[in-house]
Amino acid sequence: MQLIESYKELLEQKDLLIQQSKMASMGEMISMISHQWRQPLNAISITVQDIIEAYAYGELNEGYIKDTVNTTMDQVKFMSRTMDEFRNFFKPSKEKVPFDVKSTIENILSMFYQMFKKSDNIDISIITEPGTILLTEGYPNEFKQVILNILNNAKDAIISQRDAGGTKQGLVEINIKNCGEGDKVIVSIRDNGGGIPEHIIDKIFEPYYTTKGNAGTGIGLYMSKTIVETNMGGTLTVKNVDGGAEFQINLEAQRVMG
C-alpha cells in the first residue's frame with residue numbers, strides 16, 4: 001500500500017513539473033510573439049499615419065489605396081502566420097511519428113532566429129554532412145521545446161559572459177551527424193558562452209536546479225532530458241568544450257525503406 005502511495009506521489013510530482021514547464025514555456029511564447037509582432041505593428045502604424053499625409057497632399061488615388069491595402073494585409077498575414085506557428089509549436093504531439101531532425105530544427109529557428117540575431121547578437125548555424133540520415137521517430141513538437149530550451153540556455157550564458165566583459169559576438173553551432181553504421185542521429189549544440197562551472201555541471205538536469213536565481217525555474221533542462229530519454233528513448237548529455245558548452249542529443253535513426 002505504501003509503495004502504491006509513493007508511486008502516486010511520484011506521478012503527481014512529475015505532472016506538476018510538466019505543468020510548470022508548460023507555464024514557463026507559455027510565458028516565453030508570449031514574450032516571443034510580442035517580439036515577432038513588433039516590426040509588423042510598426043509597419044502598419046507608419047502606413048496608417050501616411051494615409052493622413054496622402055489625403056492632405058491629394059495623393060489618395062486608386063493606386064495608392066491598393067498599395068496601402070496590400071502592404072497592410074501582408075503584415076496582417078505575417079502576424080496571423082506567426083500565431084499559427086506558435087500555437088502548433090505549443091500543441092503536444094499525441095503519438096510518436098517519424099520526423100526529419102534538421103527540418104524540425106530549421107522550423108524552430110525560422111520562428112526565433114531574428115530574436116537571437118537582432119536582440120542578442122547571436123548567430124546560429126546548422127552543419128550537416130551530405131548523406132546524413134536525418135530521420136528519427138518521436139514527438140516533433142516536444143523535440144522543438146528541447147532545442148529551444150538548449151538555445152535559451154546558450155543565449156543566457158553568452159549574455160552573462162558578455163556582461164562580464166567577454167566576447168561580444170555570440171555563436172551557436174548545431175551539428176547533425178550519424179555514428180557507426182548510421183544507426184544514430186546525433187545533434188550537437190555548441191556555444192561560446194564560457195561553459196558551465198565544473199562543480200554544477202552534473203546538477204543542471206536536476207529538477208528545480210537553476211543558476212539564474214529568481215529568473216529561472218530549474219525545470220527546462222530537466223524536462224528536456226525527460227522528453228529525450230524517457231519519451232523518445234535517446235540520451236541528452238552536456239560537456240564543456242573550448243570557449244563554451246556542448247549539449248548532445250542521441251536518437252535512433254530511421255532509414256527510409258526504398
Side-chain angles (χ1 to χ4, degrees), residues 20-21 24-25 27-32 34-36 89 101-102 104-128 142-177 185-229 234-251:
Q20 288 178 325
S21 178
S25 296
E28 291 176 357
M29 292 299 102
I30 293 172
S31 174
M32 290 170 180
S34 67
H35 178 88
Q36 293 282 71
F89 166 77
V101 170
K102 183 180 181 182
T104 303
I105 294 175
E106 287 174 338
N107 179 260
I108 197 73
L109 290 183
S110 72
M111 297 166 63
F112 300 113
Y113 178 78
Q114 290 302 319
M115 184 186 71
F116 280 85
K117 175 65 177 173
K118 291 185 177 180
S119 298
D120 303 307
N121 193 26
I122 298 173
D123 279 320
I124 305 174
S125 61
I126 301 179
I127 300 172
T128 308
E142 281 75 0
F143 180 74
K144 290 178 185 178
Q145 291 184 28
V146 171
I147 298 300
L148 183 60
N149 275 331
I150 295 173
L151 290 177
N152 276 332
N153 275 273
K155 178 191 71 173
D156 292 340
I158 290 168
I159 291 174
S160 178
Q161 190 190 49
R162 185 183 295 157
D163 291 343
T167 180
K168 294 184 178 180
Q169 177 61 59
L171 299 172
V172 177
E173 180 182 290
I174 303 174
N175 194 298
I176 308 172
K177 61 184 180 181
V185 179
I186 302 174
V187 181
S188 300
I189 305 174
R190 176 182 293 209
D191 63 60
N192 65 340
I196 303 166
E198 291 296 336
H199 68 282
I200 67 168
I201 196 167
D202 293 331
K203 301 178 181 179
I204 64 171
F205 292 115
E206 294 178 5
Y208 299 118
Y209 187 84
T210 178
T211 60
K212 304 173 186 176
N214 294 331
T217 61
I219 55 178
L221 289 177
Y222 167 75
M223 288 309 303
S224 295
K225 196 171 182 69
T226 300
I227 289 168
V228 171
E229 298 190 353
T235 62
L236 172 59
T237 58
V238 66
K239 65 180 180 180
N240 283 323
V241 294
D242 185 27
E246 179 180 273
F247 286 84
Q248 186 174 98
I249 302 168
N250 286 17
L251 299 169

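Just so you know, residue 1 is the first one in the sequence shown, and it goes up from there. Side-chain atoms are counted along with the backbone in the values below, which use heavy atoms only and exclude waters and symmetry mates. No experiment lies behind these values; they were computed from the predicted model shown.
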Looking only at heavy atoms, which two atoms of N240 and A245 are closest? And how far apart?
OD1-CB, 4.1 Å
Step by step, would you call I126 with L109 a side-chain contact (heavy atoms from CB on, under 4.5 Å)?
CA-CA 10 Å; I126 301 179; L109 290 183; 3.6 Å; yes
CD1/I105 to CG/L148 distance, rounded to the nearest 0.5 angstrom?
12.0 Å
Within this structure, what is the CG-CZ distance for the pair N149 and F247, rounded to the nearest 0.5 Å?
9.5 Å
Taking everything shown except D242 itself, do over 12 heavy atoms lie less than 6.0 Å from its CG?
no
If I take atom CD1 from residue I124 and atom CD from residue E173, how far apart are they, to the nearest 0.5 angstrom?
12.0 Å
Rounded distance [0.5 Å steps], CG in L251 versus OG1 in T235
7.5 Å
Would you find a donor on one side and an acceptor on the other, under 3.5 Å apart, between the side chain of N250 and the backbone of T237?
no
Could you give me the CA-CA distance, side-chain angles and deciding distance for D123 and Q169, then say whether side-chain contact (heavy atoms from CB on, under 4.5 Å) is met?
CA-CA 8 Å; D123 279 320; Q169 177 61 59; 3.3 Å; yes
Would you say the side-chain atoms of K177 pair up with the backbone N or O of I186, donor to acceptor, closer than 3.5 Å?
no
Could you tell me whether the side chain of S160 and the main chain of A157 form a donor-acceptor pair under 3.5 Å?
no
Can you see which heavy atom on K102 is nearest to which on T128, and at what distance?
CD-OG1, 3.8 Å
Looking at every heavy atom in both K144 and I108, which two are closest together, and how far apart are they?
CB-CD1, 4.0 Å
Taking all non-hydrogen atoms of both residues, which atom of L236 and which atom of E229 are closest, and how far apart?
N-OE2, 3.0 Å
Hey, what do you get for CZ (F143) to CD1 (I249), rounding to the nearest 0.5 Å?
4.5 Å
Taking the side chain as everything from C-beta on, heavy atoms only, tell me whether N152 gets closer than 4.5 Å to F116.
yes
Output the distance between atom CD1 (I189) and atom CD1 (I150), rounded to the nearest 0.5 Å.
4.0 Å
Name all residues meeting the side chain to side chain donor-acceptor pair (under 3.5 Å) criterion together with S188; count only those two or more places apart in sequence or in a different chain, and write none if there are none.
Q248
For E106, the salt bridge (charged side-chain N to carboxylate O under 4.0 Å, His left out) test, sequence neighbours excluded, returns none
Tell me, please, which residues at least two apart from R162 pass side chain to side chain contact (heavy atoms under 4.5 Å, CB included).
N121, I122, I158, I159
